[in-house]
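Since the structure comes first, as structure tokens, the remarks are kept for the end.
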Amino acid sequence: MMKKHIVMLAAAATLATTASTSMAQTLDAVEENGYIQCGVTEGVPGFSFPDENNNWTGLEVDFCKAMAAAIFDDPEAVRYTPLTSQVRFESLANGNIDVLSRTTTWTMSRDTDLGISFTGTMFYDGQGFMVREDSGVTSALELSGAAVCIESGTTTELNAADYFAANDMDLSNAVVFVNQDEVVQAYLDGRCDVFTTDSSALAAERSTFSDPDAHVILPQIISKEPLGPSVRSDDWQWFDIAKWTLFAMINAEELGVTSENVDEMLESDNPAIRRLLGVEGEFGEPIGLPTDWAYRIIKHVGNYGESYERHVGADTDINIPRGVNQLWTNGGIMYAPPIR
């Protein structure tokens, strides 16, 4: 019995050492490289989109910049890898990217079967349908038999099949493409009657059309699409860094801390603000970051609300109302655990 106990203790110690080594591997590699490798879309305005000089912007790009700010005090210490829906998870699991921040829906199978973990919801969305205004269609229930443009390898494809089947509608004319650019072009070329994807992406793509008013997003939302970043499941430290980067941005908005006033807020008497900005407590150390990690995020990138308004808010061409993406204190469901 004693020998068996010693063997078990030795095995446990080996596992603990292995786990500890694994937990720090991504941060160490990122720091050695000097940048984060961020997987993004091939181009969705407002979320992750390159300009003519290959400078990436968007809500999801800001998340990667926020992680870089927390680690390097430099939001530009990021390299971007455009990925199709078909290869995004494989690219993350294989270590080709450090974080996936690419309009990706958090589902049970993705979270449990692929060796990846979602770190939170950055944007609460739902699937919708877009048609030409002159089609006269006013409801998704009128789409039976229509030619529907869909991107393959997405929840979009599955949701459309469920919706049409549940409503005894014909989806036999679905036209499936490998990537979103092909879907959009096929819709614009008239190869299909309907374009379906997340409603935010519909609004984003419509903003780029030569005549946006000629296209209508139908009122039906047929699914839950919690979009969020993900990382590999074998590194808890990296998971915590990604998770608390998002939470810091949400908490900052709730506490009224912005990129403009963050230096003033260092003198705040509010304990929650002082903990957020690293004035009190040692909340960076357990995740391998400096005490001012959240201050860096807010100073360089801003809080969640600033990022939202900058990329998809009322003053942009995309103009997506906050809706459920409002803070819980403003009637939405955006909520983050406290730093304490």
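- The CD1 atom of I222 lies 7.0 Å from the OH atom of Y163; values are rounded to the nearest 0.5 Å.
- With hydrogens and angles left out, the side-chain atoms of T258 and N303 include no donor and acceptor closer than 3.5 Å.
- Salt bridge E151/R88: absent, no basic N to carboxylate O contact under 4.0 Å.
- Each of V61 and I318 belongs to its own hydrophobic cluster when Ile, Leu, Val, Met, Phe, Trp and Tyr are linked at side-chain heavy-atom distances under 4.5 angstrom.
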Practice task
Let me see the working for L141 and M169 under side-chain contact (heavy atoms from CB on, under 4.5 Å), right down to the final yes or no.
Solution key: CA-CA 8 Å; L141 294 172; M169 295 162 58; 4.2 Å; yes
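- Defined by atom type and a distance below 3.5 Å, a donor-acceptor pair is missing between the side-chain atoms of E42 and T84.
- Judged by distance alone, the side chain of E225 and the main-chain N or O of D198 form no donor-acceptor pair under 3.5 Å.
- Rounded to the nearest 0.5 angstrom, C64 SG and Y80 OH are separated by 6.0 Å.
- Other residues, nucleotides and ligands contribute over 12 non-hydrogen atoms within 6.0 Å of the CG atom of D113.
- Distance check: R232 CZ to N94 CG gives 9.0 Å after rounding to the nearest 0.5 Å.
- Cluster membership check: L227 does not share its hydrophobic cluster with I116, using side-chain heavy-atom separations under 4.5 Å among Ile, Leu, Val, Met, Phe, Trp and Tyr.
- For the side-chain contact (heavy atoms from CB on, under 4.5 Å) criterion with T155, the lone passing option out of T104, T197, T107 is T107.
- The number of heavy atoms from other shown groups lying within 6.0 Å of CD (E285) does not exceed 12.
- Remark: R296 is not positioned above the aromatic ring of F72, lacking an NZ or CZ atom under 6.0 angstrom from the ring centre and at most 45 degrees off the axis.
- More than 12 heavy atoms of other shown residues, nucleotides or ligands fall within 6.0 angstrom of atom CZ in F209.
- Residues D170 and S144 have side chains that never bring a donor and an acceptor to within less than 3.5 angstrom of each other.
- Side-chain contact between M334 and Y124 is present, with at least one heavy-atom pair separated by less than 4.5 Å.
- At least one donor-acceptor pair closer than 3.5 Å links the side chain of Y304 to the backbone N or O of M122.
- Residues H311 and F47 place their aromatic rings such that the two centres sit no closer than 6.0 Å.
- Proximity of R322 to E309: side-chain heavy atoms (C-beta onward) are separated by under 4.5 Å at one or more points.
- Side-chain contact between S307 and M249 is present, with at least one heavy-atom pair separated by less than 4.5 Å.
- Judged by distance alone, with hydrogens and angles left aside, the side-chain atoms of T196 form a donor-acceptor pair with the main-chain N or O of G128 at under 3.5 Å.
- Residues V78 and V40 are members of one and the same hydrophobic cluster, defined by side-chain heavy-atom contacts under 4.5 angstrom among Ile, Leu, Val, Met, Phe, Trp and Tyr.
- The local environment of CG in N53 is crowded, with over 12 non-hydrogen atoms from other residues, nucleotides or ligands closer than 6.0 Å.
- Looking at N251, its side chain never comes within 3.5 Å of a backbone N or O of P338 through a donor-acceptor pair.
- Side-chain atoms of Q185 and D189 form a donor-acceptor pair, as typed in the model, at a separation below 3.5 Å.
- Although no hydrogens or angles enter the test, the distance criterion places no donor-acceptor pair under 3.5 Å between the side chain of S91 and the main chain of V87.
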Practice task
Applying side-chain contact (heavy atoms from CB on, under 4.5 Å), run through D28 and E32 and close with a yes or a no.
Solution key: CA-CA 6 Å; D28 288 346; E32 183 176 349; over 6 Å; no
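- Note that the CD1 atom of I297 and the OG1 atom of T245 stand 4.0 Å from one another [nearest 0.5 Å].
- Panel note: side chain R275, backbone G281; no donor-acceptor pair is recorded below 3.5 Å.
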Exercise for the section: Please test F129 against L202 for side-chain contact (heavy atoms from CB on, under 4.5 Å), starting from the C-alpha separation and ending with a verdict. Expected result: CA-CA 8 Å; F129 298 91; L202 292 176; 5.5 Å; no
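- D235 places a side-chain N or O within 3.5 Å of a backbone atom of W238 that can act as its donor or acceptor partner.
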Practice task
Could you walk me through whether I36 and R79 pass the side-chain contact (heavy atoms from CB on, under 4.5 Å) test, one step at a time?
Solution key: CA-CA 6 Å; I36 296 171; R79 295 185 181 178; over 6 Å; no
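- Taking the six-membered ring for Trp and thresholds of 30 and 60 degrees, F247 and W244 have ring planes more than 60 degrees apart, a perpendicular arrangement.
- In this structure, T154 OG1 and L158 CG are separated by 7.0 Å, a value rounded to the nearest 0.5 Å.
- Tested against K299, the residues D263, D73, D74 include a single salt bridge (Lys or Arg N to Asp or Glu O under 4.0 Å) partner, D263.
- Side-chain heavy atoms closer than 4.5 Å link hydrophobic residues (I, L, V, M, F, W, Y) into clusters, and following such links, even through other members, never connects W106 to V231.
- Formation of a donor-acceptor pair under 3.5 Å by the S223 side chain with backbone atoms of Q127 is found in this model.
- Residues D240 and K243 are paired through a salt bridge, judged by an N-O separation under 4.0 Å between the basic side chain and the carboxylate.
- Remark: side-chain polar atoms of D51 are paired, donor with acceptor, to backbone N or O of N54 under 3.5 angstrom.
- In the hydrophobic clustering of ILVMFWY residues, with side-chain heavy atoms under 4.5 Å counting as a link, W293 and M265 come out together.
- Side-chain contact annotation: D125 with S199, donor-acceptor N/O pair under 3.5 Å present.
- Using a distance-only test at 3.5 Å, with no hydrogens or angles considered, no donor-acceptor pair links the side chain of R132 to the main chain of A214.
- With a 6.0 Å radius and a threshold of 12 heavy atoms from other residues, nucleotides or ligands, D211 has its CG atom above the threshold.
- Ionic pairing of D62 and R310 is present here: one or more N-O contacts between side-chain nitrogen and carboxylate oxygen are shorter than 4.0 angstrom.
- Using a 3.5 Å distance cut-off with no hydrogens or angles, the side chains of S48 and T41 do pair a donor with an acceptor.
- For the residue pair D98 and Q37, no side-chain donor N or O sits within less than 3.5 Å of a side-chain acceptor on the partner.
- Ring orientation note: the planes of F123 and Y308 are close to parallel, at an angle under 30° on the 30°/60° scale.
- In summary, the side chains of N179 and Q86 do not present any donor paired with an acceptor at a separation below 3.5 Å, with no hydrogens or angles considered.
- Of the residues listed (L218, D193, V148), the one engaging L143 in a side-chain contact (heavy atoms from CB on, under 4.5 Å) is L218, and it is the only one.
- Note: H215 and F195 fail the aromatic proximity criterion, with ring centroids not under 6.0 Å apart.
- Remark: the E157 side chain and the S152 side chain contain no N/O donor-acceptor pair separated by less than 3.5 Å.
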